[in-house]
Amino acid sequence: MSAETKEREPLFSQKNLKLVTKPLNLNNPITVQVLGICSALAVTAKLKPAIVMGISVMVVLAASNVVISLLRKGIPSRIRIIVQLVVIATMVILVDQVLKAFVYDISKQLSVFVGLIITNCIIMGRLEAFAMSNKPWPAFLDGIGNAAGYSLILIIVAFFRELFGSGTLFGLQVIPQSFYELGYKNNGLMILPPMALITLGVIIWVQRYKNRELIEK
Amino acid sequence: MQELFNIFIKSIFIDNMVFAYFLGMCSYIAVSKTVKTSVGLGMAVVFVMGITVPVNYLINEYILKPGALSWLGAQFKDVDLSFLSFIIFIAVIASMVQLVEMIVEKFSPALYASLGIFLPLIAVNCAILGGSLFMQERDYQTVWQATSFGLGSGLGWFLAIVGIAAIREKIRYSNVPPALRGLGITFILTGLMGIAFMSFLGIKL
């Protein structure tokens, strides 16, 4: 390979930066790659759990990307799925125990969805597509970038749902009391699960409208 | 008996895996282009959930739960292995899927031909692991309750994927705004189906 003869790439070269920025929009894991929707929506009724979930996914994805990337030459391809699952499950257990120890109430709200990070397709997908064929540092950046793209969508959905559903952001009231006195009501529908799907559908609509090349034929 | 039936109905309609908890969305979106393939995947999910949830229930009850190991002797009664549950559950699911695949291949080649390609996909379907984790959280009393919960959730998932596949087959002939085509409209449709399913919330069981 020519990569070894080439001089060392700087840590934040153009190519590496792209790994972080591209998943934020044009290659977003949720809206474009269609990965990791499973756990994405259930935690978006309020902003706080959405952010905690985003951070947890980021830690798990970056860490398991690095581990798999370090091990990539030693894993026989026939049993790679099991190896990947074990690495992911270990990371998720660590994150779960940390959440239980430090932010117990949020960990109760997230309930089974922390455990479901294991089967979150975004993690398996990135391990298969990227970490198995790349060096640890790009794999780390790829993990951070994809998890950031994932969190971004989570936060946008949670922002709208909490704002219109409860009139609050991070639990603080943002819609002034005078609005309520004039007859404004919180839209209870936004709290219900189906509205998360519809909000995401609208986000995809807006994104594809802006980036025409993403439109499906 | 009636209680088992209640759990069954509740997990199909009210606590539907897709519409209430968004589980298994990845394969739900990816495999729902035609009714035929979605029926295959749906059946495989019902099958695997009906097996893994009771198996994981027994493991949770006799190995993982705080105090579950007391059948080994008095000195084990304080052991709490519940932090291992994620890794054990996923290992059980992955190996069960392998086992089911081998058994089906051996004894019913016809069923294997229709389910076969979907079985490996299922190991990483969130609905399956979700079923086991919900089973643990809700603390079912007997293994039969866990079984009826597993089968019911699988069936709910089956209904959802077949429903969306049927709608997607028809919507191909409609004039959807270009930017909404494909993924966008599927999410919105799922949301609308979810709202329709919420009408079951009124059922008192």
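Below, chains carry the letters A, B, ... as their sequence lines are ordered, and counting in each starts from 1. What you see is a predicted model, and the numbers here were worked out from it, not measured in a lab.
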Taking all non-hydrogen atoms of both residues, which atom of [X] and which atom of [Y] are closest, and how far apart?
X      : Y      : value
B/G194 : A/P194 : C-CG, 3.6 Å
B/R181 : A/R208 : O-NH1, 3.6 Å
A/G201 : B/L180 : O-CD1, 4.0 Å

Relative to each other, are the rings of A/F113 and B/F134 parallel, tilted or perpendicular (30° and 60° limits)? perpendicular
Residue selection (most heavy-atom pairs with chain A, distance under 4.5 Å) from B/M193, B/E137, B/Q136: B/E137
[X] atom [atom1], over 12 foreign heavy atoms within 6.0 Å:
X      : atom1 : answer
B/F200 : CZ    : yes
A/Y184 : OH    : yes
B/Y62  : OH    : no
B/N175 : CG    : no
B/F197 : CZ    : yes

Identify which part of B/L129 has an atom lying under 4.5 Å from any heavy atom of chain A, answering side chain, backbone, both or neither. both
Under 4.5 Å from any heavy atom of chain A, what part of B/I185 do you find: side chain, backbone, both or neither? neither
With the side chain counted from C-beta on, respond yes when A/I198 and B/L192 share a heavy-atom pair under 4.5 Å apart, and no when they do not. yes
With sequence neighbours excluded, residues passing salt bridge (Lys or Arg N to Asp or Glu O under 4.0 Å) with B/D15: B/K10, B/R138
Quick one: [atom1] on [X] to [atom2] on [Y], what's the gap to the nearest 0.5 Å?
X      : Y      : atom1 : atom2 : answer
B/L23  : A/L116 : CG    : CG    : 5.5 Å
A/L197 : B/F19  : CG    : CZ    : 8.5 Å
B/I90  : A/I118 : CD1   : CD1   : 5.5 Å

Select one option (side chain, backbone, both, neither) describing which atoms of A/N211 are under 4.5 Å from chain B's heavy atoms. neither
